[in-house]
Amino acid sequence: MDVDTRLLRYFAAVAEEGSLTRAAQRLYVSQPALTKQIRRLESALGTALFTRSRDGMALTEPGRALAARVPGLLAGWETALRETRAAGSRADRVLRVGFLASAANEATQPIIAEFARRRPDWRAEMRQASWSNPSAGLAGSDVDVALVRLPFPGQEALRVVELFSEPRCVVLPEAHPLAGRETIDFRELRDEPFVAAPPETGPWRAYWLAADERDGHPVRVGAVTAQPDDWLTAIANGYGVALAPESASRFYTRPGVVHRPVTGVGPSRVGVAWDPADDADPVVRDFVRCCRLVCART
């Protein structure tokens with residue numbers, strides 16, 4: 001019988017939290033979706049894993065037996081997955097570099113050029129991730145190293161070096177009443193509908209909605225997008241406004257959309273991240289050095 005590792009991760013979260021609500025928040029999924037997956041696992045195994053009550057979720061005897069094994073199973077699978085993919089990359093002399101949107105902005109090409117100078121027999125393969133994957137592929141071992149925007153879910157389990165920061169701006173439809181302003185205070189935007197990242201991105205979505213700067217004002221979500229083109233289209237069509245890095249005015253423009261400086265929100269930070277298991281990998285270390293060297297110059 002085959003069991004999806006995602007089901008085991010969901011089971012482990014519920015077992016550790018003792019609550020569907022808390023586990024759903026931790027996993028950045030809806031509670032109904034999590035309930036459905038737990039029932040799917042119980043059906044596949046042919047036994048109840050939890051007893052449900054008003055106080056939460058308690059493990060049954062079979063559930064306790066599975067809970068004792070799952071952490072080791074998942075850790076072993078992650079190690080095998082990472083080592084297999086890394087071995088394939090080393091054999092091909094390819095460093096898989098994940099990135100989001102504009103990566104490290106104008107520093108991206110110099111970083112790749114510096115890496116090519118240091119490692120002429122290697123190739124940096126750039127892999128763009130959607131905004132529904134704010135670790136840019138690191139969380140699933142799809143890449144060896146990533147250029148990311150901070151903060152993002154799960155970054156505490158990774159090595160992260162901040163490279164630079166830049167102000168955030170607001171992106172508005174051209175016809176918006178505030179579009180003619182030179183600078184906009186975020187307090188004037190708190191009641192606007194926003195174009196948001198998918199809910200499962202958790203802290204990433206909250207950061208780009210400026211949840212900490214709202215002073216209790218609720219967020220209005222006008223549209224949800226996971227790709228820059230869809231994001232720009234939603235804004236141009238008037239479904240909402242959005243916060244973005246200042247560099248978005250150079251990398252992401254289109255008719256019907258304007259970018260304006262915004263005050264009252266913190267800057268966007270760009271970093272390079274990798275798995276702690278690769279601390280001793282000389283190629284990963286060289287790429288990180290290239291990032292730090294190039295960004296220190298700019």
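- A donor-acceptor contact closer than 3.5 angstrom is absent between the side chains of Ser135 and Gln155.
- Not counting sequence neighbours, the partners of Arg250 by the side-chain hydrogen bond (donor to acceptor under 3.5 Å, both in side chains) test are Glu106.
- Every residue was checked against the salt bridge (charged side-chain N to carboxylate O under 4.0 Å, His left out) condition with Asp212, not counting sequence neighbours, and none meets it.
- Residue pairs meeting the salt bridge (Lys or Arg N to Asp or Glu O under 4.0 Å) criterion with at least one partner in residues 219-237, sequence neighbours excluded, are absent.
- A distance of 10.5 Å separates SG in Cys291 from CD in Glu114, rounded to the nearest 0.5 Å.
- At a threshold of 4.5 Å between non-hydrogen side-chain atoms, the residues Leu49 and Val14 do not count as touching.
- Between Tyr252 and Trp231, the ring-plane angle classifies as perpendicular under the 30° and 60° cut-offs.
- Note on residues 237-248: no pairs pass salt bridge (Lys or Arg N to Asp or Glu O under 4.0 Å), not counting sequence neighbours.
- Using modelled atom types, one finds a donor on one side chain and an acceptor on the other under 3.5 Å when comparing Trp274 with Asp279.
- In summary, Arg190 and Asp215 engage in a salt bridge, as defined by a charged side-chain N under 4.0 Å from a carboxylate O.
- Between Val272 and Arg159 the shortest side-chain heavy-atom distance does not fall below 4.5 Å.
- Between the side chain of Arg260 and the backbone N or O of Ala179 there is at least one donor-acceptor pair closer than 3.5 Å.
- By the ring-ring contact (aromatic ring centres under 6.0 Å, His included) test, Tyr239 pairs with no residue at all, sequence neighbours left out.
- Ionic pairing of Glu213 and Arg187 is not present here: no N-O contact between side-chain nitrogen and carboxylate oxygen is shorter than 4.0 angstrom.
- Applying the salt bridge (Lys or Arg N to Asp or Glu O under 4.0 Å) definition to pairs two or more places apart or across chains, those involving residues 30-53 are Glu42-Arg52.
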Quick one: side chains of residues 261-271, donor-acceptor pairs under 3.5 Å with protein atoms, not counting sequence neighbours, listed by atom name and distance.
residue : atom : partner : partner atom : Å
Ser268  : OG   : Arg149  : NH1          : 2.7
Arg269  : NH1  : Glu162  : OE1          : 3.4

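- With a 4.5 Å cut-off on side-chain heavy atoms, Pro153 and Pro134 count as touching.
- Thr201 places no side-chain N or O within donor-acceptor distance of the main-chain N or O of Ala197, the cut-off being under 3.5 Å.
- With His217 contributing its side chain and Arg214 its backbone, the two residues share a donor-acceptor pair below 3.5 Å.
- Residues meeting the side-chain hydrogen bond (donor to acceptor under 3.5 Å, both in side chains) test with Arg69, sequence neighbours left out: none.
- Taking the side-chain hydrogen bond (donor to acceptor under 3.5 Å, both in side chains) definition, one finds that Arg285 meets it with nothing, sequence neighbours left out.
- Not counting sequence neighbours, Glu192 has no partner by the salt bridge (charged side-chain N to carboxylate O under 4.0 Å, His left out) test.
- Under the side-chain hydrogen bond (donor to acceptor under 3.5 Å, both in side chains) criterion, Gln128 pairs with no residue, sequence neighbours left out.
- The number of heavy-atom neighbours closer than 6.0 Å to CZ of Arg119, taken from other residues, nucleotides and ligands shown, is above 12.
- Applying the salt bridge (charged side-chain N to carboxylate O under 4.0 Å, His left out) criterion to Glu182, with sequence neighbours excluded, gives no partner residue.
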